[in-house]
Student: 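Let me begin by handing over the structure; questions about it come next.
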Amino acid sequence: MAATTRELFAVAAPGLEPLVAAELRALGIDGSVEHGGVAWQGDDASLSRAVLHLRVAGRVLVRVARFRARGFPELERHASRIDWSRYVTGGDGVVLRVTSRKSRLY
């Protein structure tokens with residue numbers, strides 16, 4: 001079975017992104033510094049290493065989707081198309097936490 005590659009992101013406080021990148025490099029993970037953290041493509045093994053060994057990062061996120069939404073109905077429509085069964089067991093709820101930039105949605 002092939003390893004699943006995921007889009008991962010280690011969240012860092014402003015100015016600490018280079019330190020998180022250095023910690024990831026020490027773990028054998030090559031990430032790219034972005035505003036607010038470090039992004040990389042990785043499998044479950046790299047995700048586990050990051051979660052267990054990063055000290056400077058506040059948390060590690062798995063990005064499951066990216067899309068544009070110009071209104072709440074569009075946001076709900078896109079979110080409903082995600083195969084949530086890959087991440088949660090049947091009957092469990094999903095809580096969305098959305099990050100937006102220059103949003104007109106309130």
Student: Once you round to the nearest 0.5 Å, how far does CZ of Arg63 lie from CG of Leu8?
Tutor: 9.5 Å
Student: Give me the atom names and distance for the closest heavy-atom approach of Ala65 to Ile82.
Tutor: CB-CD1, 3.5 Å
Student: Looking at Glu34 and Ala39, would you say the former's side chain and the latter's main chain have a donor-acceptor pair under 3.5 Å?
Tutor: no
Student: Nearest 0.5 Å please: distance from the OG atom of Ser32 over to the CG atom of Leu24.
Tutor: 10.5 Å
Student: Is a donor on one side and an acceptor on the other found under 3.5 Å between the side chain of Trp84 and the backbone of Ala79?
Tutor: yes
Student: State the CD-NE2 distance between Glu17 and His35, to the nearest 0.5 angstrom.
Tutor: 7.0 Å
Student: Which pair of non-hydrogen atoms, one from Ala50 and one from Leu27, has the smallest distance, and what is that distance?
Tutor: CA-CD1, 4.2 Å
Student: Can you confirm whether more than 12 heavy atoms, excluding those of Asp43, are under 6.0 Å from its CG atom?
Tutor: yes
Student: Can you name the closest pair of heavy atoms from Trp40 and Ala10 and give their distance?
Tutor: CZ3-N, 3.7 Å
Student: Search all heavy atoms of Ile29 against all heavy atoms of Ser46 and return the closest pair with its distance.
Tutor: CD1-O, 3.6 Å
Student: When rounded to the nearest 0.5 angstrom, what is the spacing between CD in Gln41 and CZ in Arg6?
Tutor: 11.5 Å
Student: How many angstroms lie between atom CZ of Arg66 and atom NE2 of His78, to the nearest 0.5 angstrom?
Tutor: 14.5 Å
Student: Taking atom CZ of Phe67 and atom CZ of Arg81, what is their separation to the nearest 0.5 Å?
Tutor: 9.5 Å
Student: Measure across Val33 and Ala21 and return the closest heavy-atom pair with its distance rounded to 0.1 Å.
Tutor: CG2-CB, 3.7 Å
